[in-house]
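First comes the structure, then the notes that go with it.
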Amino acid sequence: TGSSRPQRMLKAVQKNATKGDPKSVISAIDYYCRHKEWAMNVGDDKGLILDSVLTEVNPSTALELGTYCGYSSVRIARLLSPDSKLITIEFNPAFAAIARQIIAYAGLQDKVILVEGASGDLIPKMKERFGIKSFDFVFLDHWKDRYVPDTKLLEDCGLLKKGTVLLADNVICPGAPEYLKYVRNNPRYESRYYPSNLEYTKVEDGLEKSVFLE
Ligand SMILES: C[S@@+](CC[C@H](N)C(=O)[O-])C[C@H]1O[C@@H](n2cnc3c(N)ncnc32)[C@H](O)[C@@H]1O
Ligand SMILES: O=C(c1ccccc1)c1ccc(O)c(O)c1[N+](=O)[O-]
Ligand SMILES: [Mg+2]
């Protein structure tokens with residue numbers, strides 16, 4: 001049987017990137033996905049917006065919903081201060097296995113805790129398992145119909161504090177219309193849309209940044 005797209009992405013990293021150099025890992029993946037085969041990483045264009053919001057927030061504890069191959073985990077973890085951590089959740093074991101290798105290749109394994117499982121099951125366990133009081137930053141990039149239920153779950157589990165920043169990918173394409181309605185009509189959030197394009201394409205997409213106020 002042939003290789004998978006994530007396996008081919010890992011091969012491209014091992015061939016074209018420098019071990020321990022996150023920037024080269026990011027470039028190798030972006031080159032591969034733009035010129036060889038598309039993949040659903042947040043990508044370089046929206047990645048610049050992710051970088052700038054992250055730098056502004058400078059989170060001590062960050063959460064990512066949807067790891068895939070670890071591209072955005074590397075983007076996030078490379079910008080974290082020493083002693084800061086990224087917890088990233090992925091329920092596809094094959095994807096998680098590739099992500100671990102790509103995160104390790106970038107030399108960021110000590111800053112990233114990759115947890116295998118479904119976000120709906122794991123979010124309520126964050127406090128007991130990882131001693132998390134609350135998250136400073138959450139990157140939502142898993143299946144789009146989970147954005148609202150998982151945001152409500154984070155609220156109900158007391159994992160958001162005043163100033164926590166939620167950054168949601170794909171609010172235009174494939175789209176997360178219920179999520180946009182939820183955060184934009186909610187007095188507990190201050191939201192702003194960052195226009196961009198679907199990774200590696202000219203199709204319109206963007207990120208929604210929502211600050212938790214309460
Ligand atoms: C778009 S990909 C993530 C891309 C990644 N954030 C990046 O930019 O490199 C979405 C991922 O979320 C995972 N996923 C979807 N729903 C999930 C859930 N409820 N819990 C955990 N993982 C989920 C999928 O298996 C898939 O790997
Ligand atoms: O849903 C898709 C999708 C739909 C159809 C075919 C391929 C991917 C997708 C596309 C771009 C994304 O940035 C993204 O996060 C996702 N996703 O799966 O979460
Ligand atoms: Mg996405």
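When a ligand or atom number is given, it counts from 1 through the structure's own listing order.
For ligand 1, one of its N or O atoms has an N or O atom of Phe91 under 3.5 Å away. Backbone and side-chain nitrogen or oxygen atoms of Ala118 are examined, and none is located within less than 3.5 angstrom of a nitrogen or oxygen of ligand 1. For ligand 1, the polar-atom distance check against Asp150 finds no nitrogen or oxygen pair separated by under 3.5 Å. Polar contact with ligand 1: absent for Phe139 (N/O pair, distance under 3.5 Å). For the pair Asn41 and ligand 2, the shortest N or O to N or O distance does not fall below 3.5 Å. Not one N or O of Trp143 is nearer than 3.5 Å to an N or O of ligand 2, by distance alone.
With Lys46 as the fixed residue, the side-chain hydrogen bond (donor to acceptor under 3.5 Å, both in side chains) test singles out one of Asp51, Asn41, Asp169: Asp169.
Residue contact check: Lys144 has heavy atoms under 4.0 Å from atoms 14 (C), 15 (O), 16 (C), 17 (N), 19 (O) of ligand 2. Each of the atoms 13 (O) of ligand 2 lies under 4.0 Å from some heavy atom of Asp169. Of all the atoms in ligand 2, the ones that sit under 4.0 Å from a non-hydrogen atom of Met40 are 13 (O), 17 (N), 18 (O). Interface atoms of ligand 1 facing Tyr68, defined by a heavy-atom separation under 4.0 Å, are 2 (S), 3 (C), 4 (C), 27 (O). Shown in contact with Gly117 at under 4.0 Å from a heavy atom are these atoms of ligand 1, numbered in order with element: 20 (N), 21 (C). Close approach of ligand 1 to Asn41 (heavy-atom distance below 4.0 Å) involves ligand atoms 7 (C), 8 (O), 9 (O). Atom numbering of ligand 2 starts at 1 in the shown order; those under 4.0 Å from a heavy atom of Asp141 are 15 (O), 19 (O). Close contacts of ligand 1 with Trp143, meaning ligand atoms under 4.0 Å from a residue heavy atom, involve 10 (C), 15 (C), 16 (N), 24 (C), 26 (C).
Under a 3.5 Å cut-off, the side chain of Trp143 and the backbone N or O of Gly66 do not form any donor-acceptor pair. Judged purely by atom type and a 3.5 angstrom limit, Ser24 uses its side chain to pair as donor or acceptor with the backbone of Thr18. Panel note: side chain Lys19, backbone Ala104; no donor-acceptor pair is recorded below 3.5 Å.
Residues Phe212 and Glu155 form a side-chain contact, since some pair of their non-hydrogen atoms from C-beta on lies under 4.5 Å apart. Counting heavy atoms from C-beta outward, Asp150 and Leu140 have side chains that stay 4.5 Å or more apart.
Remark: minimum distance from atom 8 (O) of ligand 1 to any protein heavy atom is reached at Val42 N, 2.8 Å. Nearest non-hydrogen protein atom to atom 19 (N) of ligand 1 is Ser119 OG, 3.1 Å. Among protein heavy atoms, the minimum distance from atom 4 (C) of ligand 2 is reached at Pro174 CG, 4.4 Å. Distance from atom 9 (O) of ligand 1 to its nearest protein heavy atom, with residue and atom name: Ser72 N, 3.1 Å. In terms of protein heavy atoms, atom 8 (C) of ligand 2 is closest to Trp38 CH2, 4.0 Å. When only non-hydrogen protein atoms are considered, atom 12 (O) of ligand 1 lies nearest to Gly66 CA, 3.3 Å. At the top of the distance list for atom 11 (C) of ligand 2, counting protein heavy atoms only, stands Glu199 OE2, 3.1 Å. Protein heavy atom closest to atom 14 (C) of ligand 2, with residue, atom name and distance, is Asn170 OD1, 3.3 Å.
Distances from atom 13 (C) of ligand 1 to the heavy atoms of Glu116, Lys46, Glu90 put Glu90 nearest. For the residues Asn92, Leu65, Asp141, the heavy atom positioned nearest atom 4 (C) of ligand 1 is part of Asp141.
Between Arg34 and Asp30, none of the side-chain N atoms (NZ, or NE/NH1/NH2) sits under 4.0 Å from a carboxylate O, so this pair counts as no salt bridge.
Side-chain contact check for Ser3 and Arg8: at least one donor-acceptor pair (N or O, by modelled atom type) lies under 3.5 Å. With no hydrogens or angles considered, no side-chain donor-acceptor pair links Ser196 and Asp205 at under 3.5 Å.
Listing protein N, O or S atoms at distances below 2.8 Å from the Mg ion (ligand 3), with waters left out, gives Asp141 OD1, Asp169 OD2, Asn170 OD1.
Applying the side-chain hydrogen bond (donor to acceptor under 3.5 Å, both in side chains) definition to pairs two or more places apart or across chains, those involving residues 56-68 are Glu56-Lys209, Asn58-Ser81, Thr61-Asp136, Glu64-Ser72, Glu64-Ser73, Glu64-Thr88, Thr67-Thr88. Counting only residues at least two apart or on different chains, the ring-ring contact (aromatic ring centres under 6.0 Å, His included) pairs with a member in residues 14-35 are Tyr31-His35.
In this structure, Ile102 CD1 and Gln109 CD are separated by 13.5 Å, a value rounded to the nearest 0.5 Å. Between the CD atom of Glu208 and the OH atom of Tyr182 there is a distance of 13.5 Å, given to the nearest 0.5 Å. In this structure, the separation between CG on Asp110 and CG on Asp83 is 11.5 Å, given to the nearest 0.5 Å. Considering NZ of Lys23 and CZ of Arg78, their distance stands at 8.5 Å, rounded to 0.5 Å. Between Asp141 atom CG and Ile89 atom CD1 the span is 13.0 Å, to the nearest 0.5 Å. For the atom pair Cys33 SG and Tyr71 OH, the distance stands at 8.5 Å (nearest 0.5 Å).
Using a 4.0 Å cutoff on heavy atoms, Gly120 does not count as a contact of ligand 1. Using a non-hydrogen distance threshold of 4.0 Å, Thr67 registers as a contact of ligand 1. Not a single heavy atom of Gly70 sits closer than 4.0 Å to an atom of ligand 1. The closest approach between Glu64 and ligand 1 falls below 4.0 Å for a heavy atom of the residue.
Using the six-membered ring where Trp is involved, Tyr147 and Tyr179 have ring planes that are perpendicular, over 60° apart on the 30 and 60° scheme.
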Query raised in the report: When you look at Glu116 and Arg100, which way does the salt bridge (charged side-chain N to carboxylate O under 4.0 Å, His left out) test go after all the steps?
Result: CA-CA 11 Å; Glu116 280 185 51; Arg100 288 189 200 286; 3.3 Å; yes

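Using a 4.0 Å cut-off between heavy atoms, Phe95 contacts ligand 1 through its side chain alone, with no backbone atom that close.
Remark: Arg192 pairs with no residue by the salt bridge (Lys or Arg N to Asp or Glu O under 4.0 Å) rule, at least two apart or across chains.
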